Amino acid sequence: MPRSIITEKVRNIGIIAHIDAGKTTVTERFLYFTGRTYKIGEVHQGTAVMDWMEQERQRGITITAAATTCEWADHVINIVDTPGHVDFTVEVERSLRVLDGGVVVFDAVAGVQPQSETVWHQADRYHIPRICFVNKMDRVGADFWHTIETIRERLSARPLAIQLPIGIEDSYKGVIDLIEMVAWIFPEDITEKAQSQRIPHDLLEQAEKGREQLLEELAEVDDQLLISYVEGHEVSASEMKKAIRRATLVGLLTPVICGTALKNKGIEPLLDAVIDYLPSPEDMPPVVGHVPGQEAELIERAPTDDEPFSALAFKIVADPYGRIAYVRVYSGVMRQGDMVYNSTRNTRERIGRLLHMHANRREEVAEVFAGDIAAVVGPKNTFTGDTLCTEKSPIVLEPIKFPEPVIAVAIEPKTKDDQDRMGEALGRLSDEDPTFRHHYDKETGQTIMSGMGELHLEIIIDRMLREYRVEANVGRPQVAYKETITAPARAEGRFVRQTGGRGQFGVVEIDVEPLPQGSGFHFEDKTVGGVVPREYVLAIERGIREALETGILAGYPVIDVQVRLVDGSYHPVDSSEFAFEMAGSLAIQEALRKAKTILLEPIMNVEVTTPDQFFGDVLADITSKRGQVVGVDQRGHLRMVHAHIPLAETFGYTTDLRSLTQGRATYTMEFYQYQELPQSLRENVTGRMVGGRRR
């Protein structure tokens with residue numbers, strides 16, 4: 001069956017922003033104005049289509065990225081509405097990995113906020129073209145130009161204002177389109193369409209200056225428009241749009257428009273901007289991957305239906321009724337009933353039903369084409385980041401990288417039935433969320449769950465109760481400390497056992513040295529002359545990796561370590577993989593004792609917005625929490641305090657801040673980096689270890 005719409009008329013976009021900037025409200029207006037829904041859903045009323053989870057409707061925040069599709073101006077727009085809370089940054093990460101463009105929403109009062117920076121840099125990492133929507137222009141304190149200035153200063157971007165607001169705060173009523181040079185007045189009644197009219201006489205001079213500045217900025221980055229501008233030719237609206245599109249696609253400029261989504265103002269121009277300036281799959285470069293098992297041999301797939309099939313599974317949804325894999329098709333066609341190859345795991349999958357998702361509602365389709373986003377029902381062995389392709393032309397696409405968890409809680413099921421259900425729930429939830437980890441602690445007999453923050457784990461526990469009917473006792477949150485080394489060392493590991501029959505023999509010698517933060521674990525085989533046979537090297541690495549999961553100071557994972565296998569010896573009869581695995585484990589434990597191991601704690605980047613009269617109390621409280629103030633901004637009668645605070649000191653910070661400021665201050669928090677735990681506090685952590693076991 002031929003595709004119903006050409007690839008050039010497809011837009012795959014994400015709505016990304018800081019929490020409470022209005023992402024979901026913008027998406028709900030997209031659905032209404034494009035005719036996808038007949039009634040506007042409201043976040044504050046718990047009726048938003050995109051916030052379909054019970055936990056989202058109760059809290060009024062987005063927790064999981066939700067996908068939908070709508071049509072505008074003969075184009076298909078696939079939309080992913082992403083969370084703004086830092087605990088769910090994984091949803092933004094995996095969505096941006098497969099999207100072509102982004103709409104970044106900013107609060108006109110607050111401007112660029114901490115999570116705005118995070119999502120902007122995530123988009124930078126994937127080279128995603130984007131446009132900016134300055135929302136909430138009707139709020140007291142709204143400032144369009146201040147928001148543009150913060151985009152320029154804090155994001156190191158080049159914002160391009162293609163509109164001017166008409167009015168501000170409660171008098172905001174429309175915009176001046178600097179490209180078409182008309183004014184758009186937005187009606188109060190949503191059933192009426194916005195009307196274009198001549199620019200009011202008192203705003204004409206400002207509009208002409210704005211258009212002149214727009215042309216100058218475009219001429220700086222676009223040679224085609226520069227020629228017309230220098231020669232004094234009249235530049236048409238069509239030429240300007242093409243120039244803006246070219247500059248946006250290569251990341252030289254970012255168009256900025258404004259509105260207030262809650263009052264339904266500015267949505268049609270935003271939809272037009274998505275069509276005019278954001279890329280189709282055809283505009284994106286061919287996706288690059290490698291031949292399975294040969295990472296150096298790179299291959300490309302162009303975004304056409306004629307190329308061999310390739311797709312990336314970027315999200316797994318596991319509910320009590322089965323699994324669904326969200327996939328982005330990069331090349332070729334995927335049809336119901338096809339047998340596809342999972343090149344990441346060397347397995348085959350049968351494609352069952354194919355769906356286009358509308359939040360949690362499903363529309364079945366027979367086939368999915370290059371550039372599309374769809375969902376596959378029931379894959380058994382496909383996980384987040386896996387590549388699906390044809391077995392005749394295999395390719396492995398770049399996987400998605402996820403941050404490490406920073407917080408943990410212990411959980412114990414109340415009954416035997418709860419224990420069985422909890423095992424199933426934990427497995428499905430960890431399949432769905434790669435930043436959620438769990439393991440069983442043999443010493444305490446408890447299950448330890450790790451995640452990105454208190455809210456993240458709270459949602460997981462709530463889902464276990466609601467969706468899987470698991471009753472459990474939950475402990476207090478614990479910080480996910482790490483261990484690392486500060487000096488190089490050499491150590492030997494010997495595992496030699498002789499019994500009546502065949503013995504065990506494995507001897508290894510390793511060098512260890514510290515790596516820069518965030519480098520992870522690196523292993524190299526530097527042996528020569530076959531002193532350790534090749535088949536045992538993997539066993540040595542496996543033993544070292546397992547030993548690094550439990551450090552020698554307090555039993556926390558050891559990170560950022562380079563290990564080199566430099567020597568060893570084997571016995572032609574008694575050596576085995578088990579012997580060398582044990583020898584590797586013993587060697588790394590001895591090396592850690594020599595390499596000056598230290599404890600690391602997660603440090604959070606915190607931004608507090610407080611009225612002036614509470615500024616001193618907030619600073620004193622941050623200092624009492626071992627926090628370090630790194631900057632203070634003034635915005636009217638508000639102070640914005642930027643600080644780094646250890647995660648261990650932030651539990652219950654919401655309550656502390658409310659009591660200090662009569663509930664008038666707000667804050668945001670995200671992971672910053674790991675730092676060494678002060679010596680004076682180390683005993684509090686290592687004291688939990690008794691006889692080498694964690695209490």
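Please read these numbers as outputs of a predicted model, since none were measured by experiment.
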Visitor: Which heavy atom of Cys70 sits nearest a heavy atom of Ile79, and at what distance?
Guide: SG-CD1, 3.7 Å

Visitor: Side-chain contact test, heavy atoms from C-beta onward, threshold under 4.5 Å: evaluate it for Ile179 versus Ile244 and give yes or no.
Guide: yes

Visitor: Can you name the one residue among Leu388, Thr387, Thr344 that meets side chain to side chain contact (heavy atoms under 4.5 Å, CB included) with Thr382?
Guide: Leu388

Visitor: Check whether Glu307 reaches the backbone of Thr304 with its side chain - one donor and one acceptor, N or O, closer than 3.5 Å.
Guide: no

Visitor: Is there a side-chain contact between Glu93 and Ile400 in this structure, where contact means two heavy atoms from C-beta onward sitting under 4.5 Å apart?
Guide: yes

Visitor: Hey, does the side chain of Asp305 reach the backbone of Ala370 with a donor-acceptor pair shorter than 3.5 angstrom?
Guide: yes

Visitor: Side chains of Leu253 and Leu218: closer than 4.5 Å at any heavy-atom pair?
Guide: yes

Visitor: To the nearest 0.5 Å, what is the distance between CG on Leu215 and CG on Asp222?
Guide: 11.0 Å

Visitor: Counting only N and O atoms by type, is there a donor-acceptor contact under 3.5 Å from the side chain of Arg335 to the main-chain atoms of Glu367?
Guide: no

Visitor: I'd like to know if Asp223 pairs up with Arg246 as an ion pair, taking the criterion as any Lys NZ or Arg NE/NH1/NH2 lying under 4.0 Å from an Asp or Glu carboxylate oxygen.
Guide: no

Visitor: Is Arg152 salt-bridged to Glu149, cutoff N-O under 4.0 Å?
Guide: yes

Visitor: Quick one, Val274 and Ile131 - any side-chain contact, counting heavy atoms below 4.5 Å?
Guide: yes

Visitor: Kindly say whether Met181 contributes a backbone atom to a donor-acceptor pair with the side chain of Arg211 at under 3.5 angstrom?
Guide: no

Visitor: Any side-chain heavy atom of Val333 sitting closer than 4.5 Å to one from Asp338?
Guide: no

Visitor: With Gln336, which of Arg350, Glu364, Arg353 fulfils side-chain hydrogen bond (donor to acceptor under 3.5 Å, both in side chains)?
Guide: Glu364

Visitor: Output yes when a side-chain donor or acceptor of Asn12 lies under 3.5 Å from a complementary backbone atom of Gly371, and no otherwise.
Guide: yes

Visitor: Assess the residue pair Arg97 and Arg328 against the criterion (side-chain contact (heavy atoms from CB on, under 4.5 Å)); give the C-alpha distance rounded to whole Å, side-chain angles, the decisive distance to 0.1 Å, and a yes or no.
Guide: CA-CA 10 Å; Arg97 170 66 177 80; Arg328 161 69 191 265; over 6 Å; no

Visitor: Considering only NZ, NE, NH1 and NH2 on the basic side and carboxylate oxygens on the acidic side, decide whether Arg94 and Asp433 come within less than 4.0 Å.
Guide: no

Visitor: For the CD atom on Gln213, are there more than 12 heavy atoms of other groups (residues, nucleotides or ligands in this structure) within a distance under 6.0 Å?
Guide: no

Visitor: Do the ring planes of Trp120 and Phe106 sit parallel (below 30°), tilted (30 to 60°) or perpendicular (above 60°)?
Guide: tilted

Visitor: Just by modelled atom types, is the Val112 backbone N or O under 3.5 Å from a matching donor or acceptor in the Arg154 side chain?
Guide: yes

Visitor: To the nearest 0.5 Å, how far apart are CG in Asn135 and CZ in Arg29?
Guide: 9.5 Å

Visitor: Output yes when a side-chain donor or acceptor of Thr254 lies under 3.5 Å from a complementary backbone atom of Pro159, and no otherwise.
Guide: no

Visitor: Give a yes or no on whether a salt bridge exists between Glu349 and Arg323, defined as a side-chain N under 4.0 angstrom from a carboxylate O.
Guide: no

Visitor: Under the side-chain contact (heavy atoms from CB on, under 4.5 Å) criterion, do His290 and Val396 qualify, and how do the steps go?
Guide: CA-CA 5 Å; His290 64 81; Val396 179; 3.7 Å; yes

Visitor: Evaluate Phe133 against Ile15 for side-chain contact (heavy atoms from CB on, under 4.5 Å), listing each step before the verdict.
Guide: CA-CA 10 Å; Phe133 181 64; Ile15 312 293; over 6 Å; no

Visitor: Are the side chain of Arg348 and the backbone N or O of Glu391 linked by a donor-acceptor pair below 3.5 Å?
Guide: no

Visitor: Would you say the side-chain atoms of Tyr330 and Glu300 include a donor-acceptor pair closer than 3.5 Å?
Guide: no

Visitor: Does the side chain of Glu220 come within less than 4.5 Å of Arg158's, by heavy atoms?
Guide: yes

Visitor: Hey, mind stepping through Val76 and Lys9 against side-chain contact (heavy atoms from CB on, under 4.5 Å) and telling me if it holds?
Guide: CA-CA 6 Å; Val76 169; Lys9 292 197 171 185; over 6 Å; no

Visitor: I would like to know whether Ser519 and Asp560 meet side-chain hydrogen bond (donor to acceptor under 3.5 Å, both in side chains); could you show each step before the answer?
Guide: CA-CA 5 Å; Ser519 302; Asp560 302 333; 5.0 Å; no

Visitor: How about Glu216: does its CD atom have over 12 heavy atoms from other parts shown lying under 6.0 Å from it?
Guide: yes

